[in-house]
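A quick write-up on the structure given underneath.
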Amino acid sequence: MPLRFFNTYSRKREEFAPRDPGSPKIDIYTCGPTVYSRAHIGNFRAYIFEDLLQRHLEARGFKVHRVMNITDVDDKTIRGAHEAGVPLTKFTQQFKDAFFKDADMLRIKRADEYPAATDQRYIDKMISMISALISKGLAYQADDKSVYFRINKFPNYGKLAHFNLDELQSTGRVKHDEYDKEHIGDFALWKAWDKEDGDVKWDSPWGPGRPGWHIECSAMATALLGDQIDIHCGGVDNIFPHHEAEIAQSEGVTGKQFVRMWLHCAHLLVDGQKMSKSLGNFYTIPDVLAKGYTGREIRYALMRVNYRDPLNFTWNGMQEARQSLERIDEWLDRLRECAGDKIDSGRIDSHFGHEFEDALDNDLNISAALGFLFESISESNRAMDENKLDAKTAAAWLTWWERINCVLRFEPGDARVRALVAQTGELRLTGTLVAEKIPTEVARLAKERAQARLAKDFRKSDELRDKLNALGWEARDTKDGQKITRRAGA
RNA sequence: GGCGGGGUAGCCAAGUGGUAAGGCUGCGGUCUGCAAAACCGCUAUUCGCGGGUUCGAUUCCCGCCCCCGCCUCCA
């Protein structure tokens with residue numbers, strides 16, 4: 001089945017192939033955070049989408065080289081540093097650290113490189129690109145000393161967003177230096193130093209200043225990935241002006257098609273509105289964790305809807321994510337018990353097809369892929385209920401799970417490891433998971449409860465179950481004895 | 001005004017020119033001392049609205065309504 005993605009440029013689903021058809025190498029550039037405050041879960045929806053994209057491409061045998069930029073100089077970072085009374089680099093560092101911490105929490109695979117806009121290497125590259133644009137007549141220095149891109153000289157400007165330049169309207173959200181620019185749509189490549197910038201400045205042929213926002217991506221992308229990249233991703237709000245500007249700058253310098261495929265992620269909504277810093281309707285990862293949810297539950301909640309559809313964030317949705325993951329966890333536990341010592345001898349039988357991967361091939365249709373997973377869960381659960389699943393097949397299911405989980409990364413985490421306490425009170429490990437140490441108090445209560453049950457003292461047994469519950473553990477009676485697990489989200 | 005995305009059960013959501021996957025919730029059943037989990041069953045004669053094409057449309061075409069986003073800070 002061919003890999004197909006919706007290319008924003010053509011507005012069509014297109015078959016994807018690497019630049020070099022004979023090579024599995026793919027270069028991806030993804031727009032990263034501006035580190036002026038903590039990223040919110042709407043931002044992370046885009047990063048989760050990119051993670052899914054990368055992991056699926058890798059599952060399909062491609063060698064992905066991914067770059068994500070860190071914007072660490074712009075109006076907001078400068079203002080934030082000024083207000084905090086600390087140097088810019090110190091101000092941005094805390095949000096860089098927080099970004100990686102949050103990304104790890106969501107099990108987002110690290111990009112190969114995280115270039116920062118303030119790295120002198122890229123400042124130099126930006127300056128050389130701007131010089132090239134000026135020499136080609138595609139840019140000019142205005143009276144305010146800033147350098148602007150001359151969009152009227154770049155015929156393709158507006159092609160990505162499908163905008164007609166004559167119809168661009170100012171929304172009044174941003175102050176324009178309309179007197180200095182030739183065209184309202186001309187965007188800054190180099191911003192001349194202003195006293196509000198303080199000591200944030202770099203030397204350039206046009207005087208001291210700092211880079212415009214868009215040029216950094218063109219510079220870092222071409223510096224690290226070359227003149228042409230396979231896939232470029234971002235949120236839909238980056239289509240215009242940011243990605244439009246990137247095309248103009250990059251192609252203006254190189255004369256080559258900059259990006260072969262543009263993929264854009266729809267917004268995360270809150271109460272039907274875009275989650276954004278400016279509206280104040282946002283949650284950060286720590287906000288959601290504080291409500292008792294785990295990183296993988298957030299991951300599930302952000303990943304389960306196709307990336308091109310708006311996704312409404314709700315606490316009900318978080319609860320659904322938790323319950324769905326619980327279902328997967330229970331299934332894995334049953335399979336591991338069923339597989340027993342055959343657990344490592346799993347081999348994929350022919351009936352374990354590739355429907356999961358096939359679904360993702362179609363523009364990352366995660367809903368269809370998860371639908372197939374849950375159908376598989378029902379099917380194998382039924383077989384286990386009927387005692388028709390042998391250990392080898394159970395092991396094969398687990399092997400299949402390991403395969404698709406390379407993309408999903410939904411396995412229980414360290415903080416939520418499942419363990420068994422048999423009636424004897426002995427600790428037993430399930431499958432390949434490492435058991436979390438059951439607190440001695442919990443183990444003691446569990447043992448006491450097992451004894452009460454043997455004595456048919458159900459009143460005491462129920463009281464002990466309530467106590468375990470209060471401690472965040474769940475006691476369940478199975479035919480193999482009492483089972484103690486961490487409660488969901490605990 | 002221009003350019004996009006979306007509207008499928010209580011909620012989330014897939015999908016196809018041939019009669020609606022899956023998840024969550026709820027209800028009934030099996031199992032259980034009771035639960036839990038799992039399994040079984042039930043829950044949209046219908047896919048925003050109105051036309052058209054067709055033997056047949058949720059799916060294609062035309063018109064309209066609603067929601068969200070972008071139009072130079074935004075993932």
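Small disclaimer: the values here were computed from a predicted structure and weren't measured. Labels below follow one simple rule: chain letters A, B, ... track the order of the sequence lines, proteins then strands, and each chain is numbered from 1.
Atom NE2 of A:His264 and atom P of B:C68 are 22 Å apart (whole Å). Per the geometry, CE belonging to A:Met384 stands 12 Å off P belonging to B:C40, to the nearest Å. One interatomic measurement links the two molecules: CH2 of A:Trp331 to C1' of B:A37, which rounds to 16 Å at whole-angstrom precision. The separation between A:Asp477 atom CG and B:A36 atom P is 12 Å, rounded to whole Å. Atom NE2 of A:His242 is separated from atom P of B:G69 by 21 Å (rounded to the nearest Å). Summarising the geometry, the separation between NE2 on A:His243 and P on B:C3 is reported as 22 Å, rounded to the nearest angstrom. Distance, A:Ile239 CD1 to B:G4 P: 11 Å, rounded to whole Å.
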**Request:** Indicate for each nucleotide in nucleotides 21-31 of chain B, in 5' to 3' sequence, whether protein heavy atoms under 4.0 Å reach the base (B), only the sugar-phosphate (S), or nothing (-).
**Result:** BSBSS------
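In this structure, the ring pair (Phe, Tyr, Trp, His ring centres under 6.0 Å) partners of A:Tyr47, at least two apart in sequence or on a different chain, are A:Phe44, A:Phe99. Here A:Phe49 pairs with A:Tyr307 under the ring pair (Phe, Tyr, Trp, His ring centres under 6.0 Å) rule; sequence neighbours left out. Every salt bridge (Lys or Arg N to Asp or Glu O under 4.0 Å) that A:Asp104 has, sequence neighbours left out, goes to A:Arg110. Every residue two or more places apart in sequence or in another chain was checked for a ring pair (Phe, Tyr, Trp, His ring centres under 6.0 Å) with A:Phe458, and none qualifies. Contacts of A:Ser218 classified as side chain to side chain donor-acceptor pair (under 3.5 Å), with partners at least two apart in sequence or in another chain: A:Gln249, A:Ser250.
For B:C70, the paired nucleotide is B:G2, the pair qualifying as Watson-Crick or G-U wobble because both relevant distances are below 3.5 Å. B:A44 is unpaired under the criterion used here, namely a Watson-Crick or G-U wobble arrangement in which both key atom distances are under 3.5 Å.
Using a 4.0 Å heavy-atom cutoff across all strands shown, A:Leu268 reaches at least one base atom of the nucleic acid. Using a 4.0 Å heavy-atom criterion, one finds that A:Met275 contacts the bases of the nucleic acid, with or without backbone contacts as well. Within the nucleic acid shown, A:His162 comes within 4.0 Å of sugar-phosphate atoms alone, with no base atom in reach, counting heavy atoms only. Within 4.0 Å of A:His40, counting heavy atoms only, lies at least one base atom of the nucleic acid. Across all strands shown, A:Gly317 has no heavy atoms under 4.0 Å from either base or sugar-phosphate atoms. Nucleic acid contact class of A:Leu269 (heavy atoms, under 4.0 Å, all strands): sugar-phosphate only.
Here the side chain of A:Ile151 is nearest to one of B:U72, B:G2, B:A36, namely B:U72. Proximity note for A:Arg476 (side chain, C-beta onward) versus B:A36, B:A14, B:C70: the nearest is B:A36. Proximity note for A:Asp462 (side chain, C-beta onward) versus B:C70, B:C12, B:G33: the nearest is B:G33. Checking B:G33, B:C70, B:G6 against the side-chain heavy atoms of A:Phe240 singles out B:C70 as nearest. Of the candidates B:A35, B:G15, B:U72, the closest approach to any side-chain atom of A:Tyr157 belongs to B:U72. Across B:A38, B:G15, B:C12, the shortest atom-to-atom separation from the side chain of A:Asp385 is found for B:A38. Listed nucleotides B:G5, B:C34, B:C12 differ in distance to A:Pro310; the shortest reach to its side chain belongs to B:G5. Proximity note for A:Arg382 (side chain, C-beta onward) versus B:C40, B:G33, B:A36: the nearest is B:C40.
Donor-acceptor pairing under 3.5 Å, judged by distance alone, is absent between the side chain of A:Arg11 and the base of B:G4.
Ring orientation note: the planes of A:Trp315 and A:Tyr283 are nearly perpendicular, at an angle over 60° on the 30°/60° scale.
At a threshold of 4.0 Å, the pair A:Arg465-A:Asp462 counts as salt-bridged, since one of the basic side-chain nitrogens sits closer than that to a carboxylate oxygen. Taking a cutoff of 4.0 Å between a charged side-chain nitrogen and a carboxylate oxygen, A:Asp329 and A:Arg296 qualify as a salt bridge.
Residue A:Lys181 has no polar side-chain atom (N or O) positioned under 4.0 Å from OP1 or OP2 of B:U72. OP1 and OP2 of B:A14 both lie 4.0 Å or more from every side-chain N or O belonging to A:Asn365.
Cation-pi geometry between A:Lys277 and A:Tyr36 is met: under 6.0 angstrom from the ring centre, within 45 degrees of the axis.
In this structure, A:Asn306 and A:Arg465 both approach RNA chain B, and ranking their closest nucleotides by distance from the 5' end singles out A:Asn306.
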